[in-house]
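Have a look at the structure below, then the notes.
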Amino acid sequence: MNCAQANELNLVNWLFMQGYEPQKITGNNYWYLSPIREEIIPSFKVNNNLNVWYDHGIGKGGRLVDLAMGIYRCNTSEALQKIVSFHPQK
């Protein structure tokens, strides 16, 4: 799996498989407690229509590979390995 393929995977589904559930859903926006840092008020938003995330607390966002690198504090190659472990290629 390469970055383009990984970034096509649905962020909301991937977060669910990681054990994260939205605290609030407003239209296409899913609000979570940040998986990258600790917080008590959800400020991590996933736009399910665009399949992108944004963490308002740190002012950063991106696609699935960026998120996996932030969660696991790893490089791109390691992030792809983590993603593939939840989404094996057919």
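All of these numbers come straight from a predicted model, not from anything done at the bench. Start at 1 with the first residue, then count along the sequence.
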My understanding is that a hydrophobic cluster links ILVMFWY residues whose side chain heavy atoms are under 4.5 Å apart, including indirect links. Using that, what else belongs to the cluster containing [X]?
X: Leu33; value: none
X: Ile40; value: Ile41
X: Val52; value: Leu50

Is it possible for you to say whether Ile71 and Phe16 belong to one hydrophobic cluster, with membership spreading through side-chain heavy-atom contacts below 4.5 Å?
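No, no single cluster joins them.
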
Could you walk me through whether Met1 and Leu9 pass side chain to side chain contact (heavy atoms under 4.5 Å, CB included), step by step?
CA-CA 11 Å; Met1 178 178 293; Leu9 299 173; 4.1 Å; yes

Residue pairs passing the salt bridge (charged side-chain N to carboxylate O under 4.0 Å, His left out) test where at least one lies in residues 6-28, sequence neighbours excluded:
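Every pair satisfying salt bridge (charged side-chain N to carboxylate O under 4.0 Å, His left out) with a residue in residues 6-28: there are none.
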
To the nearest 0.5 Å, how far apart are [atom1] in [X] and [atom2] in [Y]?
X: Met69; Y: Leu67; atom1: CE; atom2: CG; value: 10.0 Å
X: Leu15; Y: Gln18; atom1: CG; atom2: CD; value: 7.0 Å
X: Leu64; Y: Cys3; atom1: CG; atom2: SG; value: 9.5 Å

Close side-chain approach of [X] and [Y], heavy atoms under 4.5 Å:
X: Tyr32; Y: Asp55; answer: no
X: Pro35; Y: Tyr20; answer: yes
X: Asn29; Y: Ile25; answer: no
X: Ser77; Y: Gln81; answer: yes
X: Leu11; Y: Asn48; answer: no
X: Ile83; Y: Val65; answer: yes
X: Asn51; Y: Asn7; answer: no

Which heavy atom in Ala68 sits nearest to a heavy atom in Cys74, and how many Å separate them?
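For Ala68 and Cys74, the tightest heavy-atom pair comes out as O-SG, 4.1 Å.
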
Sequence neighbours left out, what pairs pass ring-ring contact (aromatic ring centres under 6.0 Å, His included) with at least one residue falling in residues 34-73?
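For residues 34-73: Trp31-His56, Phe44-Trp53, Tyr54-His56.
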
Can you list everything that forms a side-chain hydrogen bond (donor to acceptor under 3.5 Å, both in side chains) with Ser43? Sequence neighbours excluded, please.
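Listed in chain order: Arg37, Glu39.
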
Sequence neighbours excluded - side-chain hydrogen bond (donor to acceptor under 3.5 Å, both in side chains) pairs with any residue from residues 58-67
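Residue pairs passing side-chain hydrogen bond (donor to acceptor under 3.5 Å, both in side chains), neighbours aside: none found.
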
Mind checking what makes salt bridge (charged side-chain N to carboxylate O under 4.0 Å, His left out) contact with Glu78, not counting sequence neighbours?
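Once residues adjacent in sequence are excluded, Glu78 has no partner under the salt bridge (charged side-chain N to carboxylate O under 4.0 Å, His left out) criterion.
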
